[in-house]
Amino acid sequence: MNNDTVGPKSDDDSGAEPKGSGTIPPSAPEREPKGTTAFPRSRRIAVAIAATTLVVGGFVAWLGYTAYEAQDNLEAARDHAQSAKSALLAGDTPVAESAAAEADRKASDAYDNTHSLPWNITAAIPVIGSPFDSTRQMTEVVQGLTRDVLGPAVTVGTSLAPTELVQPGGRLALAPLREAEPKLAETAIAAELLSSQAQEVPESKYLGRVNDARAELQSQTSELATLLTNTATAARIAPAMLGTDGPRNYFIGFQTNAEARGTGGLLGGYGIVRVDDGAARVDTLSPNSELTLDNQPIDLGPDFNQLYGNSRPTTDFRNSNLSSHFPYAAQIWQSLWSQESGGEMVDGAIATDPIALSYLLEAVGPVEMPDGESVTADNVVELTESTAYARFPSDNKARKQYLQTIAARVVEKMTGNIKSPSALLEALGKGVSEGRIAVWSSHPDEQSVLADTVLGHTIPGDAAPYAGVVINNQAGNKLDYYLTREIDYTAETCTGDTRKTTVTVRLTNNAPDAELTEYVSGIVDNPGRLPKGTNVAAVTLLATAGAKLDAVSVGGQISFAVNGSEQGHPAFMTRAVIPRGQTVELKFDLTEPATEGEARVPVQPLVDEPKITVDVPTC
């Protein structure tokens with residue numbers, strides 16, 4: 001070979017050809033420089049793909065680990081928050097403060113987990129990033145709850161623990177409640193804002209577990225906001241209403257919802273509650289028969305008179321609560337008591353029923369009657385709304401005395417030493433939430449606050465979709481103990497200024513075939529000679545403001561409706577006859593304004609738990 005051959009020299013640079021080498025054709029590509037490795041193009045692409053896969057896999061693994069950490073921290077924050085709540089209820093300040101601090105720390109860790117740059121990048125990717133975006137927003141809500149709600153609540157909450165609030169003898173410690181009002185109001189506002197923020201968290205596009213957590217958070221924040229708002233409201237008005245600034249007197253009406261009335265049931269008995277600096281006592285417990293029927297009327301306005309005036313509601317206690325707007329009944333009761341007592345004007349009125357009493361008995365324990373009979377949470381409703389009528393079929397005085405004694409024994413138990421104040425407060429809260437306990441104050445500043453709460457039991461004055469179905473017994477019997485209800489509110493879409501809606505009401509008379517007393521199953525005014533066991537009801541629909549009634553039918557037949565107005569809502573009243581063992585359907589066809597807001601169907605507090613169906617698009 002000649003010395004002009006192209007190719008690398010041997011290591012000793014002797015000029016000799018390396019073993020096995022040969023002449024390279026002119027067209028052959030140059031070899032890679034010394035020290036490099038020659039890879040075909042396909043192998044370089046494979047290496048690049050492998051490297052990218054490794055990076056992406058590591059990134060995904062990191063996201064998975066961070067998601068696990070975030071979930072773990074969120075669950076820990078929830079557990080510590082629950083521990084703080086339990087400690088608050090027990091009045092254990094150190095434990096409550098420690099648990100609240102841990103909840104805040106874990107919530108902050110979850111926030112950090114979901115607010116790094118890689119997480120934010122992933123959350124911004126359409127569809128794929130959906131669960132990451134939802135989780136990130138949820139940690140923001142949780143951190144706000146632990147920092148702006150739980151922490152401040154602990155600073156005042158330990159002084160408001162049930163064991164501290166409810167003193168021996170049932171007396172309430174009101175001074176701490178009044179002192180805590182500003183901080184409670186601030187905390188309630190923060191909770192409301194965070195609840196609204198939780199409702200805005202978007203739904204995950206494909207991860208059901210994230211959606212489950214989202215739904216749970218929305219429910220919990222809504223409940224918390226309601227609880228704190230109610231507590232702040234109580235702190236605002238309860239001290240004055242319960243006698244901190246001087247004694248107060250209230251009329252308390254015991255309603256018998258075996259005979260339906262607008263606020264629940266017939267006024268079966270009453271008493272006067274006297275409170276002074278948080279201590280309460282009940283006197284003048286009497287049956288309704290102690291109220292006369294020849295008192296002077298009061299004027300509750302033309303709308304009220306048009307709908308109910310023919311029934312003399314302001315002078316006849318039996319019809320004093322036909323309207324579902326509790327302030328009307330309360331003012332009537334105030335007037336009746338003033339005339340019966342010789343001029344005492346009560347500061348307000350309270351209503352309750354046997355089902356609310358059952359909740360209270362569950363909290364305070366059973367009471368014993370003079371003959372040794374035990375009245376418990378399990379039997380008080382049946383005893384007062386069914387058994388009493390069978391036990392005293394013709395002795396009304398004895399029956400009323402029996403019912404009055406039950407009420408007196410429950411009141412006595414409640415104003416004694418309470419073993420579990422938290423259970424008592426929970427029982428009261430349950431009765432209030434179901435509309436079975438209502439309160440009205442004659443003091444305008446207090447009533448303006450009560451009117452906006454469930455405790456006020458008022459008809460709202462706004463324009464949002466509304467379907468309030470009110471039953472009033474017209475047979476004068478006690479068959480509403482056996483009545484069950486179904487209410488369906490359906491509306492078309494919001495394509496114009498108005499839309500067609502239908503409210504369907506199904507009433508079922510479940511009275512047993514067994515013989516019932518005349519007082520329970522008879523009909524007081526029975527020109528049509530309806531058989532015993534027939535239920536007769538006046539059914540009123542309070543519709544959305546501005547609604548027009550197109551047609552009403554009862555049992556498939558076109559019917560007549562009395563038109564009126566109540567608290568700005570059109571009222572349509574018709575009559576339904578419900579034979580024993582049968583269901584009667586009432587249908588109200590309406591043209592309603594397509595107004596903004598979520599549709600509401602308030603529940604009249606009768607014996608049953610009605611089935612409510614709402615299919616009303618939000619405009």
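Checked options Asn257, Thr256, Thr384; the residue passing with Asp353 is Asn257 (criterion: side-chain hydrogen bond (donor to acceptor under 3.5 Å, both in side chains)). Of the residues Thr221, Thr187, Val154, Ile189, the one that meets the side-chain contact (heavy atoms from CB on, under 4.5 Å) test with Val149 is Thr187. In summary, of the residues considered (Val470, Thr540, Leu542), a side-chain contact (heavy atoms from CB on, under 4.5 Å) with Glu566 occurs for Leu542 alone.
A side-chain donor-acceptor contact under 3.5 Å links Lys413 to the backbone of Pro366.
A donor-acceptor contact closer than 3.5 angstrom is absent between the side chains of Ser311 and Asn319. Between the side chains of Thr544 and Glu592, at least one donor-acceptor pair of N or O atoms lies under 3.5 Å. Donor-acceptor pairing under 3.5 Å is recorded for the side chains of Asp488 and Thr490.
Qualifying side chain to side chain contact (heavy atoms under 4.5 Å, CB included) partners for Pro602, counting only residues two or more places apart in sequence or in other chains: Tyr466.
Between Glu344 and Arg274, at least one side-chain N (NZ, or NE/NH1/NH2) sits under 4.0 Å from a carboxylate O, which counts as a salt bridge. Ionic pairing of Arg178 and Glu181 is not present here: no N-O contact between side-chain nitrogen and carboxylate oxygen is shorter than 4.0 angstrom. Of the charged side-chain nitrogens involved, none lies within less than 4.0 Å of a carboxylate oxygen, so that Arg214 and Glu216 do not count as a salt-bridged pair. With salt bridges taken as basic N to acidic carboxylate O contacts below 4.0 Å, one links Arg171 and Asp277. Electrostatic pairing of Arg281 and Glu412 does not count as a salt bridge here, judged by no charged N lying under 4.0 Å from a carboxylate O. A salt bridge is absent between Asp480 and Arg485; no separation between the charged side-chain nitrogens and carboxylate oxygens falls under 4.0 Å.
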Evaluation steps, salt bridge (charged side-chain N to carboxylate O under 4.0 Å, His left out), between Arg600 and Asp462: CA-CA 11 Å; Arg600 293 153 301 170; Asp462 57 56; 2.7 Å; yes
